[in-house]
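Here, residue 1 is the first one in the sequence, and each next residue gets the next number.
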Amino acid sequence: MDRPHASRPALLFLVTLDGPDAAHLVPARVEAVPLTLDYCYTPLACGEDREWMREQLATACAEFGTTVADRAGRLTVDWR
């Protein structure tokens, strides 16, 4: 059931770029901060919501041959 103002899991992505110069930047790391979106309130996700998001991201990343690590509360994917 889709309730008004229901909490929803979300990921805030922080992308680290690397390269020899500004014209040749490529993604080197993606950090995903698990959040729970609620009406006028966005806390860090925890418990089952956080674990579900981690599993979904890990499944998607596995298709590209990358893995997800849990570092300092963020879900991290490194390419290098």
Side-chain angles (χ1 to χ4, degrees):
M1 176 169 67
D2 190 18
R3 299 171 295 161
H5 311 302
S7 297
R8 291 182 173 84
L11 295 171
L12 170 66
F13 289 96
L14 307 169
V15 180
T16 302
L17 302 174
D18 191 20
D21 56 56
H24 298 91
L25 295 175
V26 295
R29 170 181 285 170
V30 171
E31 295 176 272
V33 181
L35 302 172
T36 301
L37 300 179
D38 205 346
Y39 183 70
C40 294
Y41 181 60
T42 307
L44 294 175
C46 59
E48 291 178 6
D49 284 344
R50 187 180 192 291
E51 186 55 33
W52 180 83
M53 285 185 265
R54 186 190 188 296
E55 290 172 6
Q56 296 298 307
L57 184 59
T59 299
C61 288
E63 294 181 22
F64 295 98
T66 57
T67 58
V68 175
D70 203 330
R71 296 187 185 122
R74 295 178 179 176
L75 305 174
T76 305
V77 179
D78 290 306
W79 279 276
R80 297 178 185 192

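- Residues A32 and L57 come closest through the heavy atom pair CB-CD2, 4.0 Å.
- Proximity of L75 to R50: side-chain heavy atoms (C-beta onward) are separated by under 4.5 Å at one or more points.
- Linking ILVMFWY side-chain heavy atoms closer than 4.5 Å, directly or via other members, places F13 and V77 in a single hydrophobic cluster.
- Within the model, atoms CZ of R71 and CZ of R29 stand 5.0 Å from one another, a figure rounded to the nearest 0.5 Å.
- Across every non-hydrogen atom of G19 and L25, the tightest pair is N-CD2, 3.7 Å.
- Within a 6.0 Å radius of OH in Y41, no more than 12 heavy atoms belonging to other residues, nucleotides or ligands are found.
- In the hydrophobic clustering of ILVMFWY residues, with side-chain heavy atoms under 4.5 Å counting as a link, L14 and L44 come out together.
- Residue P34 comes nearest to M53 through the heavy atom pair CB-CE, 3.9 Å, listed as atom of the first residue, atom of the second, then distance.
- Side-chain contact between Q56 and L11 is absent, with no heavy atoms from C-beta onward closer than 4.5 Å.
- Proximity of a side-chain donor or acceptor of T66 to a complementary backbone N or O of C61 within less than 3.5 Å is detected.
- Between L35 and P9 there is no side-chain heavy-atom pair separated by less than 4.5 Å.
- Between L17 and V26, every side-chain heavy-atom pair lies at or beyond the 4.5 Å cut-off.
- Taking all atoms of both residues into account, the shortest heavy-atom contact from P27 to V15 is CB-CG1, 4.4 Å.
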